[in-house]
Amino acid sequence: TTQFITGLKGNLPIKDWTWDAYVSADKTIHNQTLYNAILSSRVFDLLNAPNGGTGICAGGFNPFGITNSSNISAACRNYMSTTAISKEELQQRIAEGSIQGALFALPAGDVQLAASANYRKNSYSYLPDSQLAAQNIQAVIASQRSQGETSVKELATEVRIPILDNAPFANSLALNVGYRYSDYNVSGKTNTYKAEGEWFPVKSLMLRGCIQHAIRAPNI
């Protein structure tokens with residue numbers, strides 16, 4: 001697994017506003033090696049050979065009896081087995097930028113805004129060994145080649161609105177609202193949102209309630 005990430009951040013010439021941007025790229029490669037995998041077709045070739053398989057490999061193949069089945073020649077073992085190699089690879093690419101800061105002041109404090117834009121792309125590929133794909137390996141379920149990718153572009157914003165501060169029974173009371181617009185290459189455009197209340201009756205206790213609309217797009 002490898003991951004590379006780099007970014008920049010700084011201040012904007014507006015009150016306490018700041019900005020942040022980054023890009024990242026990562027890859028995971030899973031190489032699977034199956035040693036001494038028994039090939040069904042080769043076993044059947046030996047079993048069906050009229051001469052017991054001696055014409056195919058030295059000693060042939062006699063599966064009857066422990067003595068015979070445990071003394072297969074190296075030539076026949078090599079004929080019946082293989083090393084199966086499969087490869088799985090996942091990749092992700094992300095680019096995101098955000099800004100945040102105070103909009104204006106209320107009696108209970110500043111109204112804070114955060115906004116972001118991002119792009120994500122995920123890709124996947126799986127290449128099984130040809131013998132595995134042909135279901136020619138004994139005691140192993142066949143698996144077929146698979147690949148695909150998904151990507152999404154998003155714009156999001158969130159606002160925190162302070163309602164009370166240092167008031168009786170409300171050390172702090174605030175409302176957070178957020179909205180996200182997403183455009184998936186697979187399923188199209190969609191909207192998600194939330195509204196969240198945050199109440200501190202005293203400093204050491206917080207009560208929070210939230211209503212939100214979330215979605216799940218198809219995976220790769």
Side-chain angles (χ1 to χ4, degrees), residues 1-7 21-96 117-154 180-190 192 214-220:
T1 298
T2 56
Q3 182 180 50
F4 300 95
I5 182 169
T6 184
Y22 79 93
V23 292
S24 73
D26 61 74
K27 179 188 291 187
T28 296
I29 297 176
H30 176 210
N31 291 317
Q32 184 182 54
T33 304
L34 181 61
Y35 299 99
N36 302 312
I38 303 302
L39 299 174
S40 299
S41 61
R42 297 289 182 88
V43 173
F44 293 147
D45 287 345
L46 289 173
L47 288 174
N48 293 325
N51 55 6
T54 55
I56 298 176
C57 54
F61 178 47
N62 183 354
F64 302 103
I66 295 176
T67 301
N68 292 324
S69 61
S70 61
N71 286 282
I72 302 172
S73 69
C76 285
R77 285 200 303 271
N78 291 334
Y79 178 77
M80 286 189 293
S81 63
T82 188
T83 298
I85 300 175
S86 302
K87 182 177 182 179
E88 188 176 37
E89 182 175 308
L90 297 98
Q91 292 190 66
Q92 185 177 65
R93 302 288 184 266
I94 299 176
E96 181 171 314
N118 72 67
Y119 170 79
R120 297 191 310 276
K121 180 180 179 181
N122 295 287
S123 60
Y124 172 85
S125 67
Y126 172 63
L127 182 62
D129 188 274
S130 59
Q131 298 290 357
L132 182 60
Q135 200 164 6
N136 194 33
I137 297 179
Q138 291 200 8
V140 179
I141 297 174
S143 58
Q144 300 303 318
R145 182 172 184 171
S146 179
Q147 64 182 7
E149 66 179 37
T150 62
S151 64
V152 58
K153 306 180 194 72
E154 293 185 310
R180 181 180 297 270
Y181 168 82
S182 304
D183 184 4
Y184 290 88
N185 71 318
V186 176
S187 53
K189 302 174 177 63
T190 188
T192 55
I215 58 96
R216 183 177 293 276
N219 62 23
I220 300 172

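All heavy atoms count here, side chains included; hydrogens, waters and symmetry mates do not. Keep in mind that what you see is a predicted model, and the values were worked out from it rather than measured.
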Do [X] and [Y] have side chains that get closer than 4.5 Å, going by heavy atoms?
| X | Y | result |
| --- | --- | --- |
| S86 | P128 | yes |
| Q131 | V140 | no |
| P218 | T150 | no |
| Y22 | I94 | yes |
| V43 | F61 | yes |
| L34 | D129 | no |

For the backbone of [Y] and the side chain of [X], can you confirm whether one donor and one acceptor N or O come within less than 3.5 Å of each other?
| X | Y | value |
| --- | --- | --- |
| S73 | G59 | no |
| R77 | I72 | yes |
| T54 | N51 | yes |
| N122 | I220 | no |

Minimum heavy-atom separation for [X] and [Y], please, with both atom names.
| X | Y | value |
| --- | --- | --- |
| T192 | A214 | CG2-CA, 4.1 Å |
| N185 | S151 | OD1-N, 2.9 Å |
| P63 | S69 | O-CB, 4.0 Å |
| L132 | I141 | CD1-O, 3.7 Å |
| C76 | G60 | SG-O, 3.3 Å |
| N62 | F64 | OD1-N, 3.1 Å |

How many angstroms lie between [atom1] in [X] and [atom2] in [Y], if you round to the nearest 0.5 Å?
| X | Y | atom1 | atom2 | result |
| --- | --- | --- | --- | --- |
| M80 | Q138 | CE | CD | 9.0 Å |
| S81 | N36 | OG | CG | 5.5 Å |
| I56 | Y79 | CD1 | OH | 4.5 Å |
| T1 | H30 | OG1 | NE2 | 10.5 Å |
| E154 | R120 | CD | CZ | 4.5 Å |
| T2 | I29 | OG1 | CD1 | 7.0 Å |

Exercise. Taking it one step at a time, do Y124 and E88 satisfy side-chain contact (heavy atoms from CB on, under 4.5 Å)?
Worked result: CA-CA 8 Å; Y124 172 85; E88 188 176 37; 2.6 Å; yes
Exercise. Cut-off 3.5 Å, side chains only: do Y126 and Q144 have a donor facing an acceptor?
Worked result: no
Exercise. Is atom CD1 of I66 surrounded by more than 12 heavy atoms (other residues, nucleotides or ligands) closer than 6.0 Å?
Worked result: no
